[in-house]
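Just so you know, these numbers come straight off a predicted model, no measurement behind them. The chains referred to below are lettered A, B, ... by the order of the sequence lines, with proteins before strands, and numbering in each begins at 1.
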Amino acid sequence: MVIKYQLKKQSEECQARVGIVTTPHGSFETPVFMAVGTQGTVKTLVKEDLHEIGSQIILGNTYHLWNQPGHKTVEKAGGLHKFMNWDRSILTDSGGFQVFSLAKLRDIHEEGVYFKHHKNGAKLFLSPEIAIEIQRSLGSDIMMCFDECPPYPCSYEYMKNSVDRTLRWANRCLDANKDNNSQGLFGIIQGGEYDELRVYCAEELVKMPFDGYSIGGTSVGEPKEIQNKVLDCVVPVLPHDKPRYLMGVGSPGAILDAIERGIDMFDCVLPTRIARHGTAMTTNGRVIIKNKEFAEDFTPLDNKCDCYCCKNYTRAYLRHLFKANELLGHRLLSIHNIQFLVKLTEGAREAIKNNCFLEYKRKVYSDYGLNDNGKDF
RNA sequence: GGAGAGGUAGCGAAGUGGCUAAACGCGGUGGACUGUAAAUCCACUCUCUACGAGUUCGAUGGUUCGAAUCCGUCCCUCUCCA
């Protein structure tokens, strides 16, 4: 197997665990937060920024790179790593999320999904085979199965059909990838809020030879309790010797809840998107830096953070950048927010190793001002 | 001095008798954002004792059931010519 998972420490308090995932482009400790670089760039950042932040693995996106500049172009460039100047691991999402996010522009069929291009209206067709072909051209370390990310809420009947189709597509992805021994492939567990379907989907996928298992279809508007409940029933079905990836989750509270339940990998656009929109995640909670209260606040964004932004700039300056529409603000907040989540998972790893993860989680919740019912970032 | 154009909410700018407390843009103030159609989107932005009420469209006096819109006078700005 191209992707190796080595368990380093299983928490004695809960399902949380520390492991090492090895890929063709290096290894990283889990739990880990992966920044998202959909179009071959973690928006506003260069490789050195990500290295300084401590990012070991980032994401790229099949659907978007397929459309622009085209996977063949990336292949000619020498693959996505070389094209975007990233020397560590890359995980590519399959386009399955676009089945959800571009719902108004697509039609799902057994053979695949027909999209109307979001910019030029062109007819597009993405299937399990094509998604694998694209990801092989991109040369990511970890590829994702092409799935349907169903919406929430969703009827049981629809979900059941969707899960069965996603399972058939998972088989097709494996078939299309048989001769590939340089990239890993993860299966995606769907089933929405329905425990029975989640367990069924997980059990079926576990029978297939994937390098890791991910839980998809979360953070699509469902309450937090559902997300945790899903993990409670799915994780026990998953093997101990493979990584577990919760897709699209990036709020501090949800990440810690999931780590507690045995999740190893996370990705989310939240830190980079809200950064560009002027919001920061800090030790003591969310800061909307554009707000007037920071106009003359000459303290760091987060005085417990040692990221490039917090070491060098003040809240007043950051607010100024946003009010003046200066791009540096987007960049500095992106650096900070990603590092916040990277450090959050790093802290979790240390806590797990020291058998004090639950205490760690309680402290983060308390400092951040989170509770089990309210907003979790 | 002569000819012309114009003065609308913080700014720019629509509106030229009732559907106008007054479009729209900017600015301002809040908020949202979770496998990125996102440097995006939403709300509020005359005043108040605020699901109602009160004052507005340079000033003032008229016409009219009713005026930012029509008429008189005054003030101010800009352009061109002397």
Side-chain angles (χ1 to χ4, degrees), chain A residues 33-44 57-65 67-68 90-106 115-122 124 131 135 140 142-150 152 186-190 212 214-224 227 245-255 257-258 263 265-281 286 288-295 319 321-334 337 341 375-377:
Chain A
F33 177 77
M34 309 180 282
V36 180
T38 303
Q39 310 217 57
T41 161
V42 177
K43 295 185 194 299
T44 75
I57 171 169
I58 61 174
L59 261 71
N61 181 279
T62 297
Y63 177 88
H64 292 287
L65 291 169
N67 281 301
Q68 191 174 51
I90 294 178
L91 181 151
T92 41
D93 187 29
S94 60
F97 184 71
Q98 277 61 49
V99 178
F100 165 78
S101 65
L102 301 175
K104 286 136 289 176
L105 300 169
R106 54 77 174 150
F115 289 92
K116 186 188 273 188
H117 190 267
H118 58 274
K119 283 181 185 162
N120 59 29
L124 303 166
Q135 293 182 86
S140 52
I142 298 173
M143 305 185 292
M144 297 303 300
C145 277
F146 186 58
D147 66 330
E148 178 195 354
C149 175
Y152 175 88
F186 280 21
I188 303 177
I189 298 156
Q190 293 293 352
S214 56
I215 291 123
T218 56
S219 290
V220 287
E222 78 285 9
K224 185 180 179 179
Q227 194 172 103
Y245 163 29
L246 180 58
M247 307 183 80
V249 167
S251 59
I255 286 177
D257 284 4
I263 296 297
M265 300 165 65
F266 301 88
D267 81 284
C268 196
V269 305
L270 192 63
T272 43
R273 178 177 293 168
I274 68 175
R276 274 173 278 117
H277 296 170
T279 299
M281 297 188 271
R286 141 185 336 213
I288 300 180
I289 202 65
K290 283 186 285 193
N291 288 0
K292 195 171 187 174
E293 59 179 305
F294 305 117
R319 174 177 195 267
L321 292 178
F322 273 92
K323 297 303 286 183
N325 224 334
E326 284 292 344
L327 265 23
L328 181 58
H330 300 193
R331 190 168 135 67
L332 292 173
L333 251 55
S334 293
N337 281 347
L341 293 181
K375 295 174 70 74
D376 63 351
F377 73 95

| said: Could you identify the nucleotide paired to B:A59, looking across every strand shown and requiring Watson-Crick or G-U wobble geometry with both distances under 3.5 Å? | reply: B:U73
| message | Between C1' on B:U34 and CD on A:Q227, what's the gap in Å once rounded to a whole number? | response | 9 Å
| message | Could you tell me how far B:U69 sits from B:G6 if I compare only their P atoms? Round to whole Å. | response | 15 Å
| said: In this structure, how many angstroms lie between the P atom of B:C33 and the CE atom of A:M281, rounded? | reply: 12 Å
| task | Would you mind pulling out the nucleotide paired to B:G1, Watson-Crick or G-U wobble, both distances under 3.5 Å? | result | B:C81
| task | Give none if B:G35 has no partner; otherwise give the nucleotide forming a Watson-Crick or G-U wobble pair with it, both distances under 3.5 Å. | result | none
| B:U45 and B:A38, which share atom name P, separated by this distance in whole Å | 31 Å
| task | Could you measure between the two P atoms, the one in B:A68 and the one in B:G18, and give it in whole Å? | result | 11 Å
| Over all atoms of both residues, closest heavy-atom pair of A:P252 and A:F377 | CD-CB, 3.5 Å
| Contacts of A:S140 that satisfy side chain to side chain donor-acceptor pair (under 3.5 Å) - sequence neighbours left out | A:T92
| query | When the distance from CZ of A:F33 to C1' of B:G35 is rounded to whole Å, what number comes out? | reply | 11 Å
| task | Locate the shortest heavy-atom distance separating A:T41 from A:T44; write the atom from each residue and the value. | result | OG1-N, 4.3 Å
| Same-atom distance (C1') from B:G31 to B:G35, integer angstrom | 26 Å
| task | Measure the distance from CD1 on A:I58 to C1' on B:G35 and round it to the nearest whole Å. | result | 14 Å
| Under 3.5 Å on both distances, the Watson-Crick or G-U partner of B:A68 | none
| Integer-rounded Å distance: B:G35 C1' and A:F100 CZ | 10 Å
| request: Specify the residue among A:V220 and A:R319 whose closest nucleotide of RNA chain B lies further upstream toward the 5′ end. | output: A:R319
| said: When the C1' atoms of B:U8 and B:A67 are compared, how many Å lie between them, rounded to an integer? | reply: 14 Å
| said: Between B:A23 and B:A43, how many Å separate the two P atoms, rounded to a whole number? | reply: 14 Å
| task | Among A:R106, A:H64, A:K104, find the one that has a side-chain contact (heavy atoms from CB on, under 4.5 Å) with A:H118. | result | A:H64
| remark: The contact string for nucleotides 36-45 of chain B, one letter per nucleotide 5' to 3', using protein heavy atoms under 4.0 Å with B, S and - for base, sugar-phosphate only and none, comes out as BBBBB-----
| said: Give me the atom names and distance for the closest heavy-atom approach of A:F322 to A:A275. | reply: CZ-O, 3.1 Å
| query | Would A:T218 and A:Q227 satisfy side chain to side chain contact (heavy atoms under 4.5 Å, CB included), going step by step from the backbone distance to the final call? | reply | CA-CA 6 Å; A:T218 56; A:Q227 194 172 103; 3.7 Å; yes
| query | Just checking A:N291: base, sugar-phosphate only, or nothing, at a heavy-atom cut-off of under 4.0 Å? | reply | sugar-phosphate
| note | Closest heavy-atom pair, A:C149 versus A:G217, reported as atoms and distance to 0.1 Å, is SG-CA, 3.8 Å
| task | Mind calculating the distance between NZ (A:K224) and P (B:C33) to the nearest angstrom? | result | 14 Å
| remark: Sorted by chain and residue number, the side chain to side chain donor-acceptor pair (under 3.5 Å) partners of A:D147 (sequence neighbours excluded) come out as A:Q190
| note | In whole angstroms, the gap separating P of B:U34 from CG of A:L341 amounts to 14 Å
| task | Send over the distance from A:K323 NZ to B:G27 C1', rounded to a whole Å. | result | 9 Å
| task | Scan every strand shown for a Watson-Crick or G-U wobble partner of B:U47, both distances under 3.5 Å, and answer none if you come up empty. | result | B:A53
| query | What is the base-pairing partner of B:A23, counting Watson-Crick and G-U wobble geometry with both distances under 3.5 Å? | reply | none
